[in-house]
Amino acid sequence: MTTIEKIQKQISENPIILYMKGSPKLPSCGFSAQAVQVLSQCGVPFAYVDILQNPDIRAELPNYANWPTFPQLWVEGELIGGCDIMIEMFQSGELQTLIKETANKYQTA
Ligand SMILES: N[C@@H](CCC(=O)N[C@@H](CS)C(=O)NCC(=O)O)C(=O)O
Ligand code: FES
C-alpha cells in the first residue's frame with residue numbers, strides 16, 4: 001500500500017480522525033495538545049494517527065491535504081483544519097455540533 005492509499009484508508013474508515021504529534025494521552029506539541037483538548041470536550045471518541053511514529057504520513061499528508069501543518073482534523077473524509085480552526089469552531093459551538101452529528105450518524109447498534 002502506498003502512503004496515499006494508507007491515508008485514504010484511514011480517513012474513509014474513521015469518520016473522526018486527528019493527525020497529531022504524539023497521542024491524545026501524551027501529545028508531543030502544544031498545538032496537538034490544544035486540538036486534543038477541544039476535540040475531547042466534544043465528548044465523543046475519535047481516532048488518531050501519531051505522525052511522529054509515521055514519517056511517511058508526515059511527509060505526504062500535507063501535500064494530499066493541501067495543508068502544511070499538524071494537527072489536522074478530518075471528518076467524513078474531509079479536512080476540517082488545524083488547531084486554530086478547531087478552537088474557533090469550538091468557541092462558536094460549531095465543532096461540538098459537527099462532531100456529535102457525525103458520531104450519531106455512524107453509531108451502530
Ligand atoms: N497554527 C497552526 C499550528 C500548527 C503548526 O504550526 N504546526 C507545525 C509545528 S508542530 C507543523 O506541523 N509543522 C510541520 C511538521 O512538523 O511536520 C494550526 O492552526 O494548526
Ligand atoms: S513540535 Fe514544535 S511547535 Fe509543534
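Whatever order the structure lists ligands and atoms in, that order sets their numbers, starting from 1. Index from 1, following the sequence. Every heavy atom of this structure was used, including side-chain atoms; hydrogens, water molecules and symmetry mates were not.
Using a 4.5 Å cut-off on side-chain heavy atoms (C-beta onward), E94 and I80 make no contact. Counting heavy atoms from C-beta on, the side chains of I57 and Q10 come closer than 4.5 Å. By the 4.5 Å heavy-atom criterion applied to side chains, Q72 and L18 are not counted as neighbours. Side-chain contact between M20 and P27 is present, with heavy atoms from C-beta onward closer than 4.5 Å. The shortest distance between side-chain heavy atoms of L61 and V49 does not fall below 4.5 Å.
Heavy atoms of F70 found under 4.0 angstrom from ligand 1 belong to the backbone as well as the side chain.
For K21, a nitrogen or oxygen atom sits less than 3.5 Å from a nitrogen or oxygen atom of ligand 1, counting backbone and side chain alike. By the 3.5 Å distance cut-off applied to N or O atoms, P71 is not counted among the residues near ligand 1.
Taken to the nearest 0.5 Å, the OH atom of Y64 stands 10.5 Å off from the CG atom of L79. How far CD1 of I17 is from CG of L39: 11.0 Å, rounded to the nearest 0.5 Å. Expressed to the nearest 0.5 Å, how far CG of D50 lies from OG of S28 amounts to 6.0 Å.
The closest protein non-hydrogen atom to atom 14 (C) of ligand 1 is P68 O, 4.1 Å. Considering only non-hydrogen protein atoms, atom 18 (C) of ligand 1 sits nearest to C83 N, 3.5 Å. Considering only non-hydrogen protein atoms, atom 17 (O) of ligand 1 sits nearest to R58 NE, 2.8 Å. What sits closest to atom 13 (N) of ligand 1 on the protein, heavy atoms only, is T69 CG2, 4.0 Å.
Listed for the S12 side chain is a donor-acceptor partner under 3.5 Å among the backbone atoms of K9. Panel note: side chain Q96, backbone F90; a donor-acceptor pair is recorded below 3.5 Å.
Using a 4.0 Å cut-off between a side-chain N of Lys or Arg and a carboxylate O of Asp or Glu, E60 and K6 do not qualify as a salt bridge.
Each of the atoms 19 (O), 20 (O) of ligand 1 lies under 4.0 Å from some heavy atom of G82. Of all the atoms in ligand 1, the ones that sit under 4.0 Å from a non-hydrogen atom of D84 are 1 (N), 18 (C), 19 (O). The atoms of ligand 1 that sit less than 4.0 Å from any heavy atom of C29 are 10 (S).
Among protein atoms, those of element N, O or S found less than 2.8 Å away from atom 4 (Fe) of ligand 2 are C29 SG.
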